[in-house]
Amino acid sequence: MRKLLISSLVCFITLSTQVESAPNQRIFARKNISEADLMAKVDSLISKMTLDEKIGQMTQVTLDVISEDNNSGSSGTPHRIDKEKLKTAILKYHVGSILNVAGDKAHTLEHWHDIITEIQSMALKDRLKIPVIYGIDSIHGAHYTVGATLFPQSINVAATWDTKNNFKVGEITALETRASGIPWNFFPVLDLGRQFLWSRFFETYGEDVYLTKTMGRANISGQQLKDLSDKTKVAACLKHYLGYSVPQSGKDKTPAIITERMIREYFLPPFAEAIKEGAETVMVNTGEIDGIPGHVNYHLLTEILKGELNFKGFAVSDWLDIKKLYERDHLASSYEEATKMAIMAGIDMSMVPYDFSFIDVMKKLVKAGEIPQSRIDDAVRRILRVKMMLGLFENPMPDKSLVAQFATPESAQISRKMAGESLVLVKNEKQFLPLNPSRKQSIFVTGPTANSLASLNGGWTLSWQGNNESLYPKNKKTVLQALQDRFGNEKITYYKGVELNTKANDYDIALSAASRSDIIILALGEKAYTEVPGNIDDLTLDEAQLQYAQELAKLKKPIILLMLQGRPRVIRKIVDQMQSIVIGMLPGIEGGLAFADLIAGDINPSAKLPFSYPRAPNDLLHYDHKYQEISEDKFFNPEWSFGFGLSYTEYQYSRFGLSSKTMNENQTIKASVQVTNVGDHDGSEVVQLYISDLYRKDVTPPVKQLKNYKKIFLKAGESQMVEFSISIQDLMFIGKNNKNIYEKGKFKIQVGDQTDEFELN
Ligand code: BGC
């Protein structure tokens with residue numbers, strides 16, 4: 001077998017070639033002024049600034065630093081800014097940026113207006129009147145503002161495979177963030193979701209490079225729409241540059257080992273694409289790659305980001321991360337040394353965030369000649385550029401007219417529709433779903449996530465961890481409440497049965513109620529979390545939940561399992577005993593209603609997994625694995641693969657054809673396929689195009705890679721031809737010289753169950 005491979009290799013491959021990439025074209029996301037004119041204004045301002053004022057611009061503190069001591073409303077007293085502290089921050093230290101909420105809970109729109117107005121009024125009193133750039137994590141909507149539209153989390157938006165959805169998330173989130181007076185959003189997360197244990201998996205667009213790239217671009221386009229000065233837009237912040245999402249241990253903020261080649265093949269492309277789309281800020285990886293913390297990585301920050309990618313905006317550190325180089329990482333032996341290393345590596349703004357220590361340290365370093373003035377000027381230039389692009393000098397204050405567009409019923413509808421499109425039906429034995437709501441049937445609803453809004457939303461919802469149920473809006477529906485509404489209260493019985501990791505008090509009553517019902521709807525999964533508090537040691541779902549499911553299964557009633565969770569917890573033990581399974585992940589505040597829509601047949605499932613759902617906790621392959629991983633009794637054997645998802649109808653693929661069986665580097669060829677809805681429900685299908693580079697001699701190829709996708713709607717019985725164009729860009733890969741190259745030879749192309757081959761000459 002091995003011999004055969006080698007001889008085929010010789011036939012198929014000629015020398016590898018490198019296509020000279022075009023200079024990096026960026027959208028300049030500002031209308032009515034040229035980049036040159038804007039930068040001239042920036043330079044003129046810089047020429048008037050003192051060193052103190054410049055270092056101030058590079059400093060970001062958290063809202064608590066300028067808040068009254070009782071802190072921030074957490075103890076029931078309303079949050080208030082402390083005027084003296086604010087004065088110190090702005091007039092003494094000339095702080096350039098403030099972030100976050102106080103007291104870890106969302107503020108009202110009105111309170112945000114007061115906060116921003118107070119801050120900017122103080123900034124206007126400073127000598128140069130430079131506005132503060134306020135930043136916030138509007139992760140799945142402007143969740144730090146009470147009442148904002150809350151969308152499905154990114155992993156769910158990716159499961160819709162519809163970039164228009166992510167454009168909408170970007171557009172509405174930007175509007176509601178800006179309506180709160182905040183012009184800068186620490187979103188989107190462009191880290192690849194390739195480490196399932198990671199507690200921020202749900203913030204990603206899943207395991208695939210192309211899906212992440214296209215989803216990220218759509219989100220940025222929605223947030224910025226090529227004009228940051230538009231009063232409904234915000235500056236997107238790409239994070240976490242780079243390689244944060246694949247910690248070896250699976251624990252948040254721990255080391256990753258990624259080679260330069262893999263960085264360029266997998267982790268960099270979504271960021272590169274986003275920068276072309278006009279993204280002007282990035283937040284840096286708090287972890288490390290091969291011993292080099294993100295915050296001192298000159299190669300990634302300066303050579304690649306600001307050099308190769310032609311990024312003109314600024315890089316902000318993550319929370320406390322310069323200090324952590326010394327206190328946590330033991331890389332530097334003092335805070336001073338850490339600061340010098342980070343700034344010289346390319347960090348432009350420090351999310352300090354608890355005090356003004358950074359300023360004093362920086363002054364010392366510059367005065368001692370440890371950090372050249374030119375580096376300071378470069379950082380400040382980048383920061384002021386973004387402030388000017390945002391139009392903050394002209395309009396620093398909240399625009400209250402936007403309140404009318406804040407959290408409209410239409411936005412909630414969009415969120416509900418998107419949530420419905422994000423629920424992945426992975427099992428539906430004997431077409432058990434959809435249920436007929438008008439049929440007489442008793443439904444037993446149970447499980448730890450069935451009556452929780454936090455479990456629908458996950459981290460970054462109204463608070464950092466998202467787990468404070470009391471902050472959630474009273475008018476939104478849990479899964480249980482939505483089912484009661486849709487199927488009628490009289491048909492539904494509910495007992496929790498099990499907590500996340502132990503039996504619930506009503507365990508026995510629950511089992512006996514289950515035994516009297518016709519159908520069981522079991523909602524399992526996780527609580528809300530993010531970052532370090534979400535760390536786990538085992539990907540398998542908690543034993544208590546698995547046992548409960550097994551007890552229920554003994555009753556021989558059909559069970560519909562809904563998984564609400566931020567990462568794919570292994571459920572092998574119970575999969576075979578379930579009639580139907582919906583992987584719900586974190587569908588957001590409208591997710592309960594969307595689930596009821598789905599099982600009642602009001603919507604037809606169309607979501608596809610944006611990751612390969614593991615079958616065992618130590619068998620964590622991705623769909624684009626290597627041949628080595630599936631040879632000699634090794635298999636790619638996930639529970640469900642990337643790209644998989646069922647529907648209530650069926651689609652047939654036929655008439656697959658290529659416009660040519662050969663191409664060269666200057667040509668494109670077309671692949672077309674007919675898709676027919678052969679079932680009796682209307683529905684949407686995601687048509688996915690995969691390419692396999694059959695043999696390579698530079699580095700081994702993955703078995704296949706997603707290169708394009710289109711989502712189409714087909715009425716029952718309807719057919720449509722879908723066409724894709726394939727160019728040399730789709731056939732390139734990063735070679736061992738870390739350059740983008742291609743090799744001549746044969747490629748396999750796959751759409752649905754249709755395959756063909758073509759040759760690159
Ligand atoms: C997170 C970032 C976030 C920042 C500000 C950090 O702990 O890693 O994603 O943007 O906090 O809230």
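Counting convention: from 1, in listed order, for ligands and their atoms alike. Values reported hereafter were calculated over all heavy atoms of this structure, with side chains retained and with hydrogens, waters and symmetry mates removed.
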_Lys239 neighbourhood, listing ligand 1 atoms whose heavy-atom distance to it stays under 4.0 Å_ = 2 (C), 3 (C), 9 (O), 10 (O)

*Can you sort out which atoms of ligand 1 are near His240, meaning under 4.0 Å from one of its heavy atoms?*
2 (C), 8 (O), 9 (O)

*Which ligand 1 atoms does Lys253 reach within 4.0 Å, using its non-hydrogen atoms?*
7 (O), 8 (O)

_NZ (Lys233) with more than 12 external heavy atoms under 6.0 Å_ = yes

*Purely on distance, is any nitrogen or oxygen of Tyr244 under 3.5 Å from one on ligand 1?*
no

*Tell me whether the centres of the aromatic rings in Phe406 and Trp112 are closer together than 6.0 Å.*
no

*asked:* Given Asp252, Val101, Asp137, identify the one with the heavy atom nearest to atom 10 (O) of ligand 1.
replied: Asp137

In residues 266-278, what donor-acceptor pairs under 3.5 Å come from side-chain atoms, sequence neighbours left out?
residue : atom : partner : partner atom : Å
Glu273  : OE2  : Arg217  : NH1          : 2.4

_Proximity of Glu203 to ligand 1 by residue part, where a heavy atom lies under 4.0 Å_ = neither

*ligand 1 versus Asn100, non-hydrogen atoms closer than 4.0 Å: side chain, backbone, both, neither?*
neither

*What atoms in ligand 1 come closer than 4.0 Å to a heavy atom of Leu99?*
5 (C)

*What protein heavy atom sits nearest atom 8 (O) of ligand 1, and how far away is it?*
Asp318 OD2, 2.6 Å

_Could you identify the single nearest non-hydrogen protein atom to atom 7 (O) of ligand 1 and state the distance to 0.1 Å?_
Glu531 OE1, 2.8 Å

*Should the pair His79 and His107 be assigned to parallel (<30°), tilted (30 to 60°) or perpendicular (>60°) ring geometry?*
parallel

*asked:* Are Trp319 and Tyr354 an aromatic pair, judged by ring center distance below 6.0 Å?
replied: yes

*So, for Tyr93 and Phe356, is the gap between ring centers shorter than 6.0 Å?*
yes

*Between Tyr335 and Phe358, does the ring centre distance come in under 6.0 Å?*
no

*Taking N or O atoms only and a 3.5 Å limit, does Arg200 qualify as a polar contact for ligand 1?*
yes

*asked:* I need the minimum non-hydrogen distance between Ile257 and Gln248, along with the two atoms involved.
replied: CG1-CD, 3.5 Å

